[in-house]
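Data block below; observations after.
Quick note on labels: first sequence line is chain A, next is B, and so on, each numbered from 1.
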Protein chains: 4
Amino acid sequence: MKMWSWNVDKFVEEFTVGDDYIVDKLFVKYDCKASIAHVEMLYKMNVLNKEEKEKIIAVLEEIIELSSKGKFEIKMEEEDCHTAIENYVIKKLGDLGKKMHMFRSRNEQIVTAIRLYCKEEIEGVINLLKELVSSLKHVKKKYGDVKIPGYTHTRKAMPSSIALWCESFIESMKDNIKLLKFIANLIDKSPAGSGAGYGLPASIDRKFLSSELGFKSVQNPLYVQNSRTKFEADVLHGLWHVMFDLNKIASDIILFSSDNFKYFSLPKNICTGSSIMPHKRNPDVLEIVRGNYHIIKSYEDCMKGISANLISGYHRDFQLTKKFLVKGFKIVKNCINAVSLVLRNIEVNSKLCKKDMSKELFSVEKSYKLAVRGIPFRDAHKIVSLEFS
Amino acid sequence: MKMWSWNVDKFVEEFTVGDDYIVDKLFVKYDCKASIAHVEMLYKMNVLNKEEKEKIIAVLEEIIELSSKGKFEIKMEEEDCHTAIENYVIKKLGDLGKKMHMFRSRNEQIVTAIRLYCKEEIEGVINLLKELVSSLKHVKKKYGDVKIPGYTHTRKAMPSSIALWCESFIESMKDNIKLLKFIANLIDKSPAGSGAGYGLPASIDRKFLSSELGFKSVQNPLYVQNSRTKFEADVLHGLWHVMFDLNKIASDIILFSSDNFKYFSLPKNICTGSSIMPHKRNPDVLEIVRGNYHIIKSYEDCMKGISANLISGYHRDFQLTKKFLVKGFKIVKNCINAVSLVLRNIEVNSKLCKKDMSKELFSVEKSYKLAVRGIPFRDAHKIVSLEFS
Amino acid sequence: MKMWSWNVDKFVEEFTVGDDYIVDKLFVKYDCKASIAHVEMLYKMNVLNKEEKEKIIAVLEEIIELSSKGKFEIKMEEEDCHTAIENYVIKKLGDLGKKMHMFRSRNEQIVTAIRLYCKEEIEGVINLLKELVSSLKHVKKKYGDVKIPGYTHTRKAMPSSIALWCESFIESMKDNIKLLKFIANLIDKSPAGSGAGYGLPASIDRKFLSSELGFKSVQNPLYVQNSRTKFEADVLHGLWHVMFDLNKIASDIILFSSDNFKYFSLPKNICTGSSIMPHKRNPDVLEIVRGNYHIIKSYEDCMKGISANLISGYHRDFQLTKKFLVKGFKIVKNCINAVSLVLRNIEVNSKLCKKDMSKELFSVEKSYKLAVRGIPFRDAHKIVSLEFS
Amino acid sequence: MKMWSWNVDKFVEEFTVGDDYIVDKLFVKYDCKASIAHVEMLYKMNVLNKEEKEKIIAVLEEIIELSSKGKFEIKMEEEDCHTAIENYVIKKLGDLGKKMHMFRSRNEQIVTAIRLYCKEEIEGVINLLKELVSSLKHVKKKYGDVKIPGYTHTRKAMPSSIALWCESFIESMKDNIKLLKFIANLIDKSPAGSGAGYGLPASIDRKFLSSELGFKSVQNPLYVQNSRTKFEADVLHGLWHVMFDLNKIASDIILFSSDNFKYFSLPKNICTGSSIMPHKRNPDVLEIVRGNYHIIKSYEDCMKGISANLISGYHRDFQLTKKFLVKGFKIVKNCINAVSLVLRNIEVNSKLCKKDMSKELFSVEKSYKLAVRGIPFRDAHKIVSLEFS
């Protein structure tokens, strides 16, 4: 049973619902929480009496419980978690259940659930990033002193070290955390009570809803809808930020652990083999991280396309954005874990690193020595360059 | 059992395999066909005798049969269809099965399966496009004579008609078919026998493999690997081409069937309703088509990112591309069907169209009449413009 | 004269320099400021004495002055502003000038200049956004009370108003400002003294440089290089954020001022005409804003591609990013001004808006009235829906 | 003087025109050619007599001549080449000139000029690609026999050779040419006589115009407008195709000429130096090629965004696409030349290549030898793998 009344062509139903009814399993918990707050408000408004309120809340809590055990089902013909939850409440409570959707629109429910979901997921990513930082610190502690060539233009440039390499990513991970926190804060606006984007012909206490749900502020109803895809793109930009550095770490380790470098070694248990070449130890785990960078990037890009050139207000196109968030968080969390695991297992070959610290890496030092002796730097540079031409 | 021998960290295994082992179900058929050709070649090379060859082929045909009934399973720890198929053959035939992978690499197998898959899927898309063309012809036949305002800058410009609108998309769909055929042709190159990208230390008869598999030509081994993501991007560009026009058709119908136009009506059975607004009939089916445009576009974009800045040869990152093809074809086929369905059901409100054919649409005609009477066109334009200022 | 000594193939020189030497005119001021700080440090380090320091600074200030008048030239063969500035100093001061580049790399200079430039430009965008907010407030004050239909799915949904519309964008512009401020803060890290990405074989006082240049903190040398394209993408993401809302405002006004709506009117002086249709008044200014959304979006996308899959450290590819920042800021500032201008000139047709407030917009209100009388909302919704079927 | 009559706000004029009036210099020639065909048609229709026709054509040929010498100016307030050309004709011929725009729209003129431009530019790119193929053949001839390690997962895999490497790109360049030719063919449709997208209230002989201009067929008027951004994206996809391979060639040479490989050497005259490191020889020319890949990719992406979600018919947003074509062709032609130049100058270090052909590259050969002796391949693979564990 849908929230409206006629029969829709079977193909249209399947096509418009897509896999929403599967993705939506993740959102059941958040929608129930939002529904509890809504029911509390209906009680405050005297639409429900205390007993009614408590009955509905009890069923909603039952759904949360069922869902946590993977036992709350959403049928394809129910379209989404919001309908499934309302249907369940009606099935349990009859006419009382039919009152629950009073003063409310699915449009606001969807956004509310997404916001609550994102806030929690971002927190999860931040925690994993902190673990990654400690993996980087572990490498630094163990191998920080080892000198390695620093590259510019993929050519030996100046002396670097494992410490410098680790520190650069520790600092950038902190920036990533900073950005994710900011984004969690930016989107921390309550859509509850905003109706279909134009408010409701009733005195909704939106501040009450917002504070019940733990939001920082109440969002303009039309902006609730217009910020769809915008806030999703922000969240994915935050995830992109993380992937940017993971892509770099992966690129570095892949090259620096390859035959022509061997600064790093990856133990066999985190490598994969080849179906044809018996000698192979491949860094697939890092290649998958590296490749996922482009997937996350394209997810953000997709979000930014969907509502472009459309007028204000809700469009069904927005429904397509949910799964990109869900997949995005899953991929990024996996990738952080993957890189952490690699860092915990990586070995630095101090001897080979040392051997590769050839004299060109010290050309700047040499020219500075001349300069300190009074030769203007530009001339010192020229003198030293003759050695290498 | 994998194709190589050590135990890999559980997380690394799950992470690198991802959902490949599920996606790969679609590729079982194609890999078996390629394996049959390979076994025929091994027979020609005297690696297998006739009986051995026939035994292996019988098992491969059994797998095709099983797979067509959804009964051929790929276990996560098998990584992909290629390993699952080899394992199955070994389980059935023992040591004989272990010979099958002789003179062959998984790298070439993957690409071969993808190519065969794409060629078949493109054919499927083309067939649906032909149906879409006949849906457009249906609309043209039924309503072609109806005049509607033609818009430029989203403003009434000059007289148009349902016929002109239909014809424009009929012509563009024909271009889409032309492009898809070209792409199917461009990628019609045999990867079979190319090894891991550098050929094999054996006299492989690549022409034989190519002709057994129905490819137009044999592809350079390194180019086999380097064309990964490139050919995928081409295929998705072909699909994008289709979505471009579907997005336009959807945008037109959504606006022209809205309250302020009503040139078109969509019957209730292909509309959806609202959870809050009892009066609503929403064109969700078209909005989902419109939104999917951006998804397909981002898939192509993603393909183009994955191998950028990487050196020649296979990288595991390429493995990530498969599911975008699979999803891409599924989405586009669904969208074509959705638009066909809408076109078969759409109604044109001739009266409301006629009523909306207001006088500004004829301003060019008016100025031409003046021009024909001898007033230079630029002056005629100015004279008529005074009417509207 | 370049900073290095041999003759490069003419084509290679032109190709690698591109139009950098033109774009770089904008960066002269920032590089001079950074050079002044650098010279102060060289003085602190006793590399330069007081007189020498003052002589160099005087020339650098002369360059700033020249540049502000458009009189400082960068020759193509000088590659960039950094070389042109050093050459000018050497031309004026001879051997003394040759000392200026001591303890310094062009790589750090470029990033330093870009950071200073971005911080200043972001400030400029924020100021324009504040003006845009006041333009929105102006519309709200003048027309806020006017009711207009609120749309979902591009169909009449529920009653809205000019006030609601204005407020939604006022709130979103404030979010945009918040994000831009955050980004300005995120990138506010000093690259000065980081060398080519691996520090310098000398005791550079990076804190001194940072504080002289007004940066909030000192950035890890390798991260300086690795944050290239990352911070550029962040800045462009901030600009995208602005464009997202401008695209929406433009889309709204284009549709709502069109023949079938006429809620808004655009005075002739901000419209353009047609070469063929004498009656046309086109909203080109808004269409150009709308279209530029996609340009800014693609700029961000481009930044995100350039360093993907590359190892740590500087790559010349990064040089390509500068002009996207420059064009990005220019476009966005122009677009904000354009929308402000339109908002200051727009007229709302109260009568036509009122006329278009048809009864379906009040269907929710009607069902709430039934619900308040005791009919469960879901049943009330069904009853009212019969009216519209 | 514009083609329409009122005064537009100065900012609006500058903002909407942008740098079109500069970009349009490239299109003067094509618009004049189209105008000559148009005038021939007006003569056929008896709108112009023979003398009038010849007078106008003489002026148009004068403009082509002026333009080829860089002496035909387009003023900002004229907006584009079409207005500038019409103004020039009117200035020269008075009232006769005012007749030229009869039965014609700027919308069709713009598309016609772009098509003619693209066809010619694609031809130019194809010619450069043929030169590139001969540069690749030059390398193959000179160094083809040299064996180099073949890499998978950025690790040594199996023996490769300079010949294989060259041949892979020769084959891919031929595919690129094939695609470009197809695209030139796909877009080879005449927009002439299509008016503003809805035809014209007059008996235009579109076949005559098409054949005068050398187009393959006549395009549906609405499709003329709806194919804007679509055909641009196709052209840029063709250019992306080329850049994909150039990015790969550049990535290969950058890595394989770096300190840890040295398979290739780049002579000094095509390298650049460092402002700080006296020893540096940097492959900037290849890095700029590599980076430009992402720019071309983002141009295509941008085209695909601009008309998304918009209804049929012309929108001013389309005007933004022109410069991306112009820049795209320029960049790609330069990049092809750059890679050709590098290939003509590159040296292969046969000795170092040979030295790097270590035993793991022959592990497949080894296991095949075992297999040929009767050990099933899977077992042979395991036996050989023990050597490397």
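The two atoms that bring Pro278(C) and Ser363(B) nearest to each other are CD-OG, 3.1 Å, heavy atoms only. Shown here for His381(C) and Ile276(B), the closest heavy-atom pair between the two residues is CD2-O, 3.4 Å.
With 3.5 Å as the limit, one finds a donor-acceptor pair spanning the side chains of Lys280(C) and Thr152(B).
In this structure, no portion of Leu286(B) lies under 4.5 Å from any heavy atom of chain C. There is no contact between Ile383(C) and chain B, counting heavy-atom distances below 4.5 Å. Heavy-atom distances place both the backbone and the side chain of Thr154(B) under 4.5 Å from chain C.
Annotation: maximal heavy-atom pairing with chain C below 4.5 Å, among Ser358(B), Pro149(B), Ser258(B), Ser367(B), occurs at Ser258(B). In terms of heavy-atom pairs under 4.5 angstrom with chain B, the leader among Tyr368(C), Tyr151(C), Phe261(C) is Phe261(C). Interface check for chain B: of the options Ala308(C), Ser257(C), Pro283(C), Gly305(C), the most heavy-atom pairs under 4.5 Å are formed by Pro283(C).
Atoms CZ and OG, on Arg281(C) and Ser385(B) in that order, are 6.5 Å from each other to the nearest 0.5 Å. Distance check: Phe377(C) CZ to Ser275(B) OG gives 7.0 Å after rounding to the nearest 0.5 Å. Here the straight-line distance linking atom CZ of Arg155(B) with atom CE of Met277(C) works out to 12.0 Å at 0.5 Å rounding.
Around the NZ atom of Lys230(B), the shell of radius 6.0 Å holds more than 12 heavy atoms that belong to other residues, nucleotides or ligands.
Applying a 4.5 Å heavy-atom cutoff, the residues of residues 309-321 of chain B that approach chain C are Asn309(B), Leu310(B).
Among residues two or more places apart in sequence or in another chain, the salt bridge (charged side-chain N to carboxylate O under 4.0 Å, His left out) test is passed with Asp379(C) by Lys98(A). Residues satisfying the salt bridge (charged side-chain N to carboxylate O under 4.0 Å, His left out) test with Lys359(B), not counting sequence neighbours, are Glu387(B).
Residue pairs meeting the side-chain hydrogen bond (donor to acceptor under 3.5 Å, both in side chains) criterion with at least one member in residues 348-357 of chain C, sequence neighbours excluded, are Asn260(B)-Asp356(C), Lys156(C)-Asp356(C), Tyr263(C)-Asp356(C), Ser265(C)-Asn349(C).
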Report task. Quick one: do Asp259(B) and Glu360(C) satisfy side-chain contact (heavy atoms from CB on, under 4.5 Å)? Show the steps, please. Result -> CA-CA 10 Å; Asp259(B) 310 270; Glu360(C) 62 269 48; 3.6 Å; yes

Requested in this report: Take Val384(C) and His279(B) through the test side-chain contact (heavy atoms from CB on, under 4.5 Å) and record every step on the way to the result.
Outcome: CA-CA 8 Å; Val384(C) 177; His279(B) 71 279; over 6 Å; no

